[in-house]
Amino acid sequence: MTMEKRIKIEGSGASRLVQLMQQHGRNKDITIEVGTVVSPSPNLSVNVDGIVLDSDDLVLTQTVADRGLAMGDMVIVISDDDTQFYFVIDKAVI
């Protein structure tokens with residue numbers, strides 16, 4: 001980032017954050033979704049928006065791996081269009 005761009009960002013923290021978002025846009029390659037566990041580990045599969053993902057497509061956080069998931073659990077999934085990986089970050093409680 002050049003010094004000129006840094007100087008233009010002024011105001012409160014929230015205002016500066018909005019200005020940065022306007023300058024750089026948003027990341028269109030990342031999506032946050034809610035999925036449902038179809039089958040638990042060791043052959044974990046998760047249904048996300050009608051697509052069933054198997055354990056080869058999923059990356060679990062250590063917390064999710066340690067706690068385990070049961071069939072029917074709702075999970076928060078971040079999908080990365082560039083790598084085609086789906087990151088299961090936590091169990092959703094609604």
Starting at [atom1] of [X], measure out to [atom2] of [Y] and round the result to the nearest 0.5 Å.
| X | Y | atom1 | atom2 | value |
| --- | --- | --- | --- | --- |
| Asp56 | Gln84 | CG | CD | 14.0 Å |
| Ser79 | Ile51 | OG | CD1 | 9.5 Å |
| Thr36 | Met74 | OG1 | CE | 5.0 Å |
| Lys91 | Leu69 | NZ | CG | 7.5 Å |
| Asp90 | Leu60 | CG | CG | 11.5 Å |

- [ ] Output all residues satisfying side-chain hydrogen bond (donor to acceptor under 3.5 Å, both in side chains) with Gln62, sequence neighbours left out; order by chain, then residue number.
- [x] Asp66

Open item on the list: I need the minimum non-hydrogen distance between Phe85 and Val59, along with the two atoms involved.
Closed with: CD2-CG2, 3.8 Å

- [ ] Please test Val38 against Met71 for side-chain contact (heavy atoms from CB on, under 4.5 Å), starting from the C-alpha separation and ending with a verdict.
- [x] CA-CA 5 Å; Val38 176; Met71 189 170 81; 5.9 Å; no

- [ ] Would you mind reporting whether Val77 and Ile89 have side-chain heavy atoms less than 4.5 Å apart?
- [x] no

Open item on the list: Can you pull out every side chain to side chain donor-acceptor pair (under 3.5 Å) where at least one residue sits in residues 41-55? Sequence neighbours excluded, please.
Closed with: Ser39-Ser45

Open item on the list: Could you go through Leu58 and Val46, starting from their C-alpha distance and side-chain angles, then the distance that decides it, and tell me whether this counts as side-chain contact (heavy atoms from CB on, under 4.5 Å)?
Closed with: CA-CA 8 Å; Leu58 301 169; Val46 176; 3.8 Å; yes

Open item on the list: Does Ile78 form a side-chain contact (heavy atoms from CB on, under 4.5 Å) with Thr31? I'd like the steps, not just the answer.
Closed with: CA-CA 6 Å; Ile78 298 176; Thr31 306; over 6 Å; no

- [ ] Starting from the C-alpha separation in whole Å, work towards a yes-or-no answer on side-chain contact (heavy atoms from CB on, under 4.5 Å) for Val75 and Val64.
- [x] CA-CA 9 Å; Val75 291; Val64 171; 5.8 Å; no

